[in-house]
Amino acid sequence: MTLQIFNVLGREKQPFEPLEPGKVNMYVCGPTVYDYSHVGHAKTYVSFDVVVRYLRFSGYDVLYVQNLTDVGHLLDDGEDRILKKARQSASTPMQVVETYAREYFADMDALGVLRPDISPRASGHIPEQISMIEALIEKGKAYAVNGSVYFDVRSYPEYGKLSNRRIEEQQAGSRELVQDEKRHPDDFALWKRAEPEHILQWESPWGMGFPGWHIECSAMARKYLGDTFDIHGGGVDNIFPHNECEIAQSECANEADFARYWMLVGSLMVPDADGIPVKMSKSLGNFVTIKDALQRQQPQVIRTLILTSHYRSPLTFSDDSFDSAKNGWDRLMGAVRLTRESLRFAEGNDQGNGFEPVLAQTRQKFTEAMDDDFNAPGALAALYELTREVNTLLNADVKPGKAILEAIDQTYRELGGQVLGIVPDALPGGANAEREEKLIRLLIAMRAEARKNKEFAQADRLRDELASAGVLLEDRPDGTIWRIE
RNA sequence: GGCGACGUAGCCAAGUGGUAAGGCAGAGCUCUGCAAAAGCUCCAUCAUGGGUUCGAUUCCCAUCGUCGCCUCCA
C-alpha cells in the first residue's frame, strides 16, 4: 500500500504523491520563543518528528524546515510577546529569543526530536518578507495605510478554504482599534508601523515597522522550499487565522499553489477542576513544561504517551495516562533488554529461526499502520504484539541462536528506535558504567551462592539492598538478570 | 451564532458494511525457595432515536453531550 495522508485541505485521506518523486519538502510552524515549551508543544513536534522519521525510513529524501518566531507575534493588547518578556526580565528582545530558542532545542533534543534541517528565524528574513509584501501590493492584494500594510481578503476569493470560513460582511463595527485602518475587518496585517519606543523595528518602504505574524512563514517557506511544496504542518489551533493567512499571502504573491498537503495535529488536553479536558495552553496556565515532564519520566515514555493517540486526535494528559504509558513502555523495554542480554551468550546456530515470520508480520503490520496516515497507535500495537511473542520465545526451553536474536534486536532498533524513537540504542545502566556493572554482577554471584546453600535470608537481603539502590533482580532458569529502575 | 472535530470496556486508544487492534488497571492460573519478570485465560455490541441495507459500531438524518477555532496559543 502506498502512503495515505489525511489532507486537511479537502478533509480526506489522499495517496501521497510528492511533487518530485522520492523527495519531500516540508514546512512546520515552529514556536514563538518567548518562554519555556510545554508538553503541548512536545505533542506537535514529536508527532512531526515521527512523520519525518517514517518518511525517511520509507526512502524519501526529506527537507524539513521549521521556523522560530522571534518577532511580530502580538498579544491581545497589541504588545509583542517577545518585547513584553524582555521588559519583564530586564533584558533585550534578542537575549530573550536566544535564551528560549536554546531551551527549545535543548528540550527537543532531550525528547529525541531530530533537528529540522533548517530553523529559520523571522527576524533574519525581513528583506524576504518586505519583498513579498511589495509584490502583494503590486498585484492589488494588499494596501498601505499610515505606515502599515494589510492584506485585502476580498481580493482573494479562496480565502477561508482551509478552515471553511466565509468572510463576514456584516461584522463590521465589532472591532476596536485598528478597525479604522482596515478596509474590511478580516483584513490582516502584513506590516505594522512601529512606535518610536518599539525596540524591534526595521526600515521599510512604508517607514519604520515590523512584520505581521503570518508573513514570516510564507516568506521563509518560499525561500527554502519554493513556491509550491509538499507538506505543511502545524497545530490545529493555528488553522485560523494563521494558516489561512499563509495560504492567502503565498498563493497571491507566488501565483502558485502553496502547500499540497496540510497536516494539523490535535491539541493536548488537560483535565480541569471538574475533570473536563481543556486545551493545555500558556494563557490558561494549565501547562506542564517539558523540563518538568522530563523530571518525572524518561523521554521515551513521553514519546510513547504521545504516540498512543493518533496525531490528529486530541490527547488527554494526566497522571493516569502517564503511568499507563510508562508501564507499557517498561514491558517493551523488558523484551528488548532480554533480547540484548541473551545475545551476550548466544551461540551461532540457527535455533529459533522459525521466529522469522513473526518479525516479517510485525514489519508488515507496522508499515501498514504508518502508511495509513501515520497511524502510530497501530504501529505501537504491532510492537506490543511482537513483544509478547519475543517474551514467549526467550522464556522457552530452546535457546535462540545469535542470528535470530540479532534480527529481533534489529527490528526493535529500526521500528521502535529509528522510526518511533522510543527504543534507545543503549539501555540505561549499560556498558558505559563498567565498574558498576562488575560490582552488581559480583553481588549477584554472591546471592547465587547463598541461594545454592539455601541461605535465603542472606539471598533476600542482597536482593533487597540492591533494590533499594535501584537495581532490580530477576531470577531466570539460566541465571539472574538485572536492570536499573 | 458560524466553522470544525469527537462521543468505542474501569481508564487510555485504534479500527471496520458482516458481531471490535493494542496499552494500563483488575481477576484467576502457570512458572518461582519466596519474589520479580513473563506467559495463558477472563473482562465492550461501539452516546441515544430513527432511516438506508440481506446485514451498521462503521453510511444518512435527528437528538443529547464534549472539545477546538472564530482574539494570543503547537
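Chain letters run A, B, ... following the sequence lines, proteins first, then strands; residues in each count from 1. All of these numbers come straight from a predicted model, not from anything done at the bench.
- Atom CD in A:Gln4 sits roughly 12 Å away from atom P in B:U16 (whole-Å rounding).
- Rounded to a whole angstrom, the distance from the C1' atom of B:C64 to that of B:U48 is 7 Å.
- Dashed line: the shortest gap from a side-chain N or O of A:Lys326 to OP1 or OP2 of B:G23 is not under 4.0 Å.
- For A:Ala459, counting side-chain heavy atoms from C-beta on, the closest listed nucleotide (B:C3, B:U66, B:G33) is B:G33.
- Checked by atom type, the side-chain pair A:Glu244/A:Tyr159 shows no donor-acceptor distance below 3.5 Å.
- Here the separation of B:U41 from B:C46, taken at their P atoms, is 25 Å to the nearest Å.
- Between A:Asn7 and A:Glu12, the side chains place no donor N or O within less than 3.5 Å of an acceptor N or O (distance only, hydrogens not considered).
- At least one cation-pi condition fails for A:Arg296 and A:Phe322: the charged atom is not both under 6.0 angstrom from the six-membered ring centre and inside a 45 degree cone around its axis.
- At a threshold of 4.0 angstrom between heavy atoms, the contacts of A:Lys365 are confined to the sugar-phosphate backbone, with no base atom among them.
- Between A:Phe6 and A:Ser267, the residue anchored closer to the 5' end of RNA chain B is A:Phe6, taking for each the nucleotide with the nearest heavy atom.
- Between the side chains of A:Thr411 and A:Asp409, no donor-acceptor pair is found at a separation under 3.5 Å.
- Separating the P atom of B:U30 from that of B:C34 is a span of 12 Å, rounded to the nearest Å.
- The P atoms of B:U53 and B:C43 are separated by 35 Å, rounded to the nearest whole Å.
- Close to B:A14, at under 4.0 Å from its OP1 or OP2, lies a side-chain N or O of A:Ser313.
- Under a cutoff of 6.0 Å and an axis angle of 45°, A:Lys84 and A:Tyr34 do not form a cation-pi pair.
- A stacking contact between A:Tyr384 and B:G23 is absent: the pair does not combine a ring-centre distance of less than 5.5 Å to the base's six-membered ring with planes differing by less than 30°.
- No contact: A:Arg461 has no heavy atom under 4.0 Å from any strand.
- If you check the side chains of A:Asn67 and A:Tyr27, you find a donor sitting under 3.5 Å from an acceptor.
- In this structure, A:Ser309 reaches the sugar-phosphate backbone alone: every heavy-atom distance under 4.0 Å involves primed, P, OP1 or OP2 atoms, never a base.
- Remark: P of B:A5 and NE2 of A:His310 are 14 Å apart, rounded to the nearest angstrom.
- Ring geometry for A:Tyr45 against A:His41 counts as parallel: the plane angle stays under 30°, on a 0 to 90° scale with 60° as the upper cut.
- Candidate nucleotides B:C3, B:C12, B:G39 were compared by shortest atom distance to the side chain of A:Asn391, and B:G39 ranks first.
- Rounded to the nearest Å, the gap between the P atom of B:A27 and that of B:A36 is 13 Å.
- Taking the P atoms as reference points, B:G51 lies 11 Å from B:A56, given to the whole Å.
- Listed nucleotides: B:C34, B:A74, B:A5. Nearest to the side chain of A:Asp460: B:C34.
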Please produce a list of atom pairs where a protein N or O lies less than 3.5 Å from an N or O of nucleotides 42-48 of chain B.
none

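- A:Lys282 comes within contact range of no nucleotide atom at all, as no heavy-atom separation falls under 4.0 Å.
- Heavy atoms of A:Ile481 sit nowhere under 4.0 angstrom from any nucleic acid atom.
- Using a 4.0 Å heavy-atom cutoff across all strands shown, A:Met269 reaches sugar-phosphate atoms only and no base atom.
- Atom P of nucleotide B:A36 and atom CZ of A:Arg337 are separated by 17 Å, given to the nearest angstrom.
- Note on A:Ser47: nothing from the nucleic acid sits closer than 4.0 angstrom, heavy atoms only.
- Within the 4.0 angstrom heavy-atom criterion, only backbone atoms of the sugar-phosphate kind lie near A:Gly30; the bases stay farther away.
- Backbone-only contact: A:Gly234 has heavy atoms under 4.0 Å from sugar-phosphate atoms and none from a base.
- A:Phe456 comes within 4.0 angstrom of a base, heavy atoms only.
- Looking at heavy-atom distances under 4.0 Å, A:Asp323 makes no contact with the nucleic acid at all.
- In terms of position on RNA chain B, the residue among A:Trp213 and A:Asp475 whose nearest nucleotide sits closer to the 5' end is A:Asp475.
- Closest contact between the side chain of A:Ser324 and the listed nucleotides B:G23, B:C34, B:A38 involves B:G23.
- When each of B:G39, B:A25, B:C70 is scored by its nearest atom to the side-chain atoms of A:Phe240, the top-ranked nucleotide is B:C70.
- When only modelled atom types and interatomic distance are considered, A:Ser37 and A:Glu103 share no side-chain donor-acceptor pair under 3.5 Å.
- Per the geometry, CG belonging to A:Leu383 stands 20 Å off P belonging to B:A13, to the nearest Å.
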Checking A:Val28 against A:Val52 for the side-chain contact (heavy atoms from CB on, under 4.5 Å) test, could you report, in this order, the C-alpha distance in whole Å, the side-chain angles of both residues, the deciding distance, and whether it holds?
CA-CA 11 Å; A:Val28 171; A:Val52 170; over 6 Å; no
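- Separating the C1' atom of B:C60 from that of B:U66 is a span of 23 Å, rounded to the nearest Å.
- Whole-Å rounding puts the A:Asn164 CG to B:A5 P distance at 8 Å.
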Counting only pairs under 3.5 Å, give me each side-chain donor-acceptor contact of residues 106-113 of chain A, with atom names and distances, residues two or more places apart or in other chains.
residue	atom	partner	partner atom	Å
A:Asp107	OD1	A:Lys291	NZ	2.7
A:Asp109	OD1	A:Arg115	NE	3.0
A:Asp109	OD2	A:Arg115	NH2	2.7

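- Looking at the side chain of A:Ala381, the nearest of the listed nucleotides B:C70, B:A37, B:A21 is B:A21.
- The side chain of A:Glu385 approaches B:G22 more closely than any other nucleotide in the set B:A14, B:G33, B:G22.
- When heavy atoms are screened at a 4.0 angstrom cut-off, A:Arg483 is found touching the sugar-phosphate backbone but no base atom.
- Regarding contacts with the backbone of B:A25, a side-chain N or O of A:Asn327 is found under 4.0 angstrom from either OP1 or OP2.
- A cation-pi arrangement is absent between A:Arg11 and A:Phe6 under the rule of less than 6.0 angstrom and at most 45 degrees off the ring axis.
- The existence of a salt bridge linking A:Glu437 and A:Arg483 is excluded, since no basic side-chain nitrogen approaches an acidic carboxylate oxygen closer than 4.0 Å.
- A:Val28 comes within 4.0 angstrom of no nucleic acid atom, judged by non-hydrogen atoms across all strands.
- Residue contacts shown for A:Pro377 include a base, since a base heavy atom lies under 4.0 Å away.
- As a whole-Å value, the separation of A:Lys279 NZ from B:U71 P is 13 Å.
- Of the candidates B:C24, B:G33, B:A38, B:G33 carries the atom nearest the A:Arg447 side chain, counting heavy atoms from C-beta on.
- A straight line from CZ of A:Arg388 to P of B:C40 spans 5 Å, rounded to a whole angstrom.
- Between B:U63 and B:C6, the two C1' atoms lie 16 Å apart (nearest whole Å).
- Taking atom CZ on A:Arg331 and atom C1' on B:A36, their separation rounds to 16 Å, with Å as the unit.
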